[in-house]
Amino acid sequence: MCYNFIMAKFNEVMERGRAKMLSPVVLAFVGDAAYSLYVREGLVISSDYKTGELQKRSAARVSAKGQAELYSKIEAKLSEEEREIFLRGRNAKKPTKSKSATVAEYNISTGFEAVIGFLYLAGDYDRIDELLADEL
C-alpha cells in the first residue's frame, strides 16, 4: 500500500487561518501528538527516570482523565479564539470512544487536544508554554 502525500518539514508552520479551519478532530489528532511530546520532553529534561517510569508518568498526564484535569486548571487562561476551538473539539463527533475515561473527560480532552493542535500547527509554541508550563 502506497500513500502519496507532500512531506512537510518538522515544525513547519501553517497559516493561522488555515489551521483554524481544520476539522477539530484533525486538530485533536495533531494536539495529542504535540502534547505527548511536550510532556515526554519535559520529563526527560527535568529528571533522570528510566524509561518505565517515564512511560508511567507520561501516560498519567496524556490520558483523557489527565488532560481533562489539566484543562480545568488552564480554562480561565484561554483566549476567545482558543475557547472557540476547544468547544468545536469538545462537541465534535469522534471516530472512537475512550476505554478508561468518562464521556465528559473524553470530550474535554478532545477539546484540549484541539487547542494544542491548533497552536502547534500555527507555530505558537510560546502560547503552548504559557498555558502549560506552570501546570505540569
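What's counted below: heavy atoms across the whole structure, side chains too, no hydrogens, waters or symmetry copies.
Using a 4.5 Å cut-off on side-chain heavy atoms (C-beta onward), Phe29 and Leu22 make no contact. By the 4.5 Å heavy-atom criterion applied to side chains, Phe86 and Ile108 are counted as neighbours. Side chains of Ile85 and Arg88 form a contact here, defined as non-hydrogen atoms less than 4.5 Å apart.
Between Ala19 and Leu121, the shortest heavy-atom contact is CB-CB, 4.2 Å. Nearest heavy atom pair, residue Pro24 against residue Ala114, reads O-CB, 3.8 Å. Here the shortest heavy-atom pairing between Leu43 and Ser58 reads CD1-N, 3.7 Å. A pairwise comparison of heavy atoms in Arg83 and Ala76 identifies NH2-O, 3.7 Å as the closest pair.
Here CD of Glu105 is found 14.5 Å from OH of Tyr71. Values are rounded to the nearest 0.5 Å. Between atom CE of residue Met21 and atom CD of residue Glu15 there is a gap of 11.0 Å, rounded to the nearest 0.5 Å.
Both Met14 and Val115 sit in one connected hydrophobic cluster of ILVMFWY residues. Membership requires side-chain heavy atoms under 4.5 Å apart, directly or through other members. Follow the hydrophobic side-chain contacts under 4.5 Å out from Leu27 and you reach Leu87 in the same cluster. Val25 and Leu119 fall into different hydrophobic clusters, defined by Ile, Leu, Val, Met, Phe, Trp and Tyr side-chain heavy atoms under 4.5 Å apart, directly or through other members.
Counting only residues at least two apart or on different chains, no side chain to side chain donor-acceptor pair (under 3.5 Å) pair has a member in residues 25-35. Identified under the salt bridge (charged side-chain N to carboxylate O under 4.0 Å, His left out) test for residues 34-49, with sequence neighbours left out: none. Among pairs with a residue in residues 17-30, none fulfils side chain to side chain donor-acceptor pair (under 3.5 Å), at least two apart in sequence or across chains.
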Start with the C-alpha gap between Phe112 and Leu78, add the side-chain angles, then the distance that decides, and say whether side-chain contact (heavy atoms from CB on, under 4.5 Å) holds. CA-CA 11 Å; Phe112 169 80; Leu78 295 184; over 6 Å; no
Show me the side-chain donor-acceptor pairs of residues 128-136 shorter than 3.5 Å, one per line, residues at least two apart or across chains.
{"from": "Asp129", "atom 1": "OD1", "to": "Tyr38", "atom 2": "OH", "distance (Å)": "3.0"}
{"from": "Glu130", "atom 1": "OE1", "to": "Arg127", "atom 2": "NH1", "distance (Å)": "3.0"}
{"from": "Glu135", "atom 1": "OE2", "to": "Lys77", "atom 2": "NZ", "distance (Å)": "3.2"}

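Residues passing the side chain to side chain contact (heavy atoms under 4.5 Å, CB included) test with Ser47 are Tyr49, Leu54, sequence neighbours excluded. Residues that satisfy the side chain to side chain donor-acceptor pair (under 3.5 Å) test with Glu81, not counting sequence neighbours, are Arg16.
The main-chain N or O of Ala33 is never found under 3.5 Å from a side-chain atom of Ser36 such that the two would form a donor-acceptor pair.
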